[in-house]
Chemist: 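There's a structure below that I have some questions on.
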Amino acid sequence: MSNPEATAIPEDEVSTDMQSIAWTDVIRPAVIVLVVGLVAIPLVVSSNYIGYVALLILLFSVMASGYNMMLGWPNLLVFCPAALAITGGVTSALLMMHHGLPFIATLLIAGAVAAVVGTAVAASVIVIGSAFEIVIATLAFEQIVYYAFTNWERVGPTGVIGIPQPSIGPLTFASQVEQYVFLLVILVLVVFLVAAFDRSLFGTLAIATSENEDLLRSIGYNPSTYKLVSIVLGAFILGVGGALYAHINTVITPDSFVLDQTVFLLVIAVVGGLRTVYGPIIGAVLMVGLPEVVRSAGLGDFRPYFVGTTLILVILFLPRGLVGGIYDRFHFFDSNGGVSAWAFWK
């Protein structure tokens with residue numbers, strides 16, 4: 001029989017440690033992202049092209065942050081973020097166009113619907129267990145969602161067209177600058193949520209599920225619970241990101257989120273750094289922004305090679321991604337992707 005006193009000690013130690021974390025550790029990353037985003041506004045307004053690229057960077061930062069929660073903390077290769085994103089996008093578009101719901105309500109419902117779908121995915125992942133089988137099962141699920149929307153008469157191959165732009169009451173975000181500021185606010189909220197999860201007991205135990213599940217069970221925790229929380233929260237953010245994508249572009253089709261987008265989100269997360277707060281944002285800036293620079297230089301045909309080469313170099317020389325690599329070499333970020341103690345904004 002196990003000793004009750006022995007199992008209680010680690011749990012109390014973890015709880016005490018988590019209670020000692022200041023909320024400034026959660027607020028600081030959100031403030032930094034907000035300040036950097038606001039400073040970039042003059043660049044956004046310099047041209048429509050740069051403005052649209054900036055919108056894409058913010059959109060993929062949001063979605064990659066959600067995918068990072070599914071991949072990084074529980075260390076599960078769930079290969080269906082595109083399915084969750086398009087579920088959110090179609091849900092929000094149809095609710096606003098056919099049922100007249102306000103945008104903010106449809107945005108939250110889109111995230112909730114994606115979270116429900118994510119719950120089903122999480123349940124399957126927990127039952128399957130094997131990493132290889134998880135990849136195959138979630139890839140199959142993504143294809144099922146793709147063909148379901150393709151054959152649904154309300155969506156079809158042409159998708160949903162004429163989706164209203166984001167709005168709050170009478171205020172519609174029509175211009176690129178307005179949409180940029182709105183997406184920046186959403187990204188700041190996502191960063192706050194991810195940082196709060198990372199610093200919480202849930203985040204710590206989600207990491208523990210990838211390290212030693214037997215040890216976690218021995219101190220009274222169910223690993224499946226924390227895998228479920230990670231995947232459902234990530235699915236919610238992906239659903240919100242898909243809805244934002246639909247309303248910013250005013251159109252969404254089944255081809256908007258296919259396997260290519262899943263791989264692209266995976267590349268963004270890995271290049272930026274899994275299990276980090278800033279990693280998805282830095283990855284999005286690099287993998288969305290720099291290929292556009294290559295294209296504008298007349299080398300558009302080389303963009304896929306750029307993405308592939310960047311991924312290979314990061315895996316070889318910075319296996320923890322850019323944020324993890326910067327921490328390992330310079331201690332500029334802390335081990336979880338926050339700002340280190342010596343940084344001037346600490």
Side-chain angles (χ1 to χ4, degrees), residues 1-21 23 25-26 65-81 83-84 87-88 111-142 190 192-240 266 269 273-277 279-280 335-338:
M1 293 180 63
S2 62
N3 185 350
E5 294 181 0
T7 60
I9 291 173
E11 182 177 346
D12 292 342
E13 289 178 353
V14 172
S15 300
T16 301
D17 179 63
M18 296 309 297
Q19 290 170 0
S20 67
I21 293 176
W23 274 101
D25 294 325
V26 175
S65 294
Y67 194 30
N68 189 30
M69 290 190 73
M70 305 169 74
L71 289 173
W73 277 263
N75 196 26
L76 295 171
L77 192 54
V78 179
F79 228 64
C80 59
L84 298 169
T87 298
V113 171
V116 171
V117 176
T119 303
V121 173
S124 302
V125 165
I126 291 168
V127 170
I128 293 171
S130 167
F132 175 75
E133 292 174 349
I134 288 173
V135 172
I136 298 301
T138 51
L139 268 175
F141 172 76
E142 182 156 288
V190 168
F192 179 86
L193 176 61
V194 174
F197 176 79
D198 175 57
R199 300 295 182 176
S200 72
L201 182 59
F202 279 102
T204 301
L205 295 177
I207 294 172
T209 63
S210 66
E211 302 294 338
N212 193 326
E213 290 192 13
D214 292 333
L215 178 60
L216 200 59
R217 290 189 184 94
S218 72
I219 60 175
Y221 292 107
N222 184 358
S224 299
T225 300
Y226 303 99
K227 291 179 182 180
L228 177 66
V229 171
S230 299
I231 293 175
V232 170
L233 284 176
F236 178 85
I237 296 173
L238 278 164
V240 169
L266 176 64
L274 293 174
R275 200 184 293 169
T276 63
V277 177
S335 58
N336 290 328

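Just so it is clear, the structure is predicted and the values come from calculations on it, not from any experiment.
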Chemist: What heavy-atom pair brings Pro74 and Thr209 nearest, and what distance separates the two atoms?
Modeler: CA-OG1, 3.7 Å
Chemist: Measuring from atom CD1 of Ile134 to atom CZ of Phe79, what distance do you get when rounded to the nearest 0.5 angstrom?
Modeler: 13.0 Å
Chemist: Are side-chain heavy atoms of Trp73 and Leu233 found at a separation under 4.5 Å?
Modeler: no
Chemist: So, taking the atom named CE in Met69 and the one named CG in Leu76, what distance separates them when rounded to the nearest 0.5 Å?
Modeler: 12.5 Å
Chemist: Looking only at heavy atoms, which two atoms of Tyr67 and Val78 are closest? And how far apart?
Modeler: OH-O, 2.7 Å
Chemist: Nearest 0.5 Å please: distance from the OG1 atom of Thr204 over to the CG atom of Asp198.
Modeler: 7.5 Å
Chemist: What heavy-atom pair brings Ile128 and Ala137 nearest, and what distance separates the two atoms?
Modeler: CD1-CB, 3.5 Å
Chemist: Tell me, with the steps shown, if Leu71 and Leu77 meet side chain to side chain contact (heavy atoms under 4.5 Å, CB included).
Modeler: CA-CA 6 Å; Leu71 289 173; Leu77 192 54; 3.6 Å; yes
Chemist: Which atom names give the shortest non-hydrogen contact between Val113 and Thr87, and what distance separates them?
Modeler: CG1-CG2, 3.8 Å
Chemist: Taking only residues two or more places apart in sequence, or in another chain, which ones meet Ala83 in a side chain to side chain contact (heavy atoms under 4.5 Å, CB included)?
Modeler: Cys80, Phe141, Glu142, Val145
Chemist: Less than 4.5 Å apart, side chain to side chain, heavy atoms only: is that true for Asn68 and Val194?
Modeler: no
Chemist: Tabulate below the donor-acceptor pairs under 3.5 Å that side-chain atoms of residues 223-231 make, not counting sequence neighbours, or state none.
Modeler:
residue : atom : partner : partner atom : Å
Lys227  : NZ   : Glu213  : OE2          : 2.6
Ser230  : OG   : Tyr226  : O            : 3.0

Chemist: Excluding sequence neighbours, so at least two apart, what forms side-chain hydrogen bond (donor to acceptor under 3.5 Å, both in side chains) with Ser210?
Modeler: Arg275
Chemist: Could you check if a side-chain atom of Leu274 sits within less than 4.5 angstrom of a side-chain atom of Asn75, using non-hydrogen atoms only?
Modeler: no
Chemist: If you look at every heavy atom in Ala235 and Leu84, which pair is closest and at what distance?
Modeler: CB-CD1, 3.8 Å
Chemist: Checking side chain to side chain contact (heavy atoms under 4.5 Å, CB included) for the pair Phe236/Val232: CA distance, chi angles, key distance, verdict?
Modeler: CA-CA 6 Å; Phe236 178 85; Val232 170; 5.7 Å; no
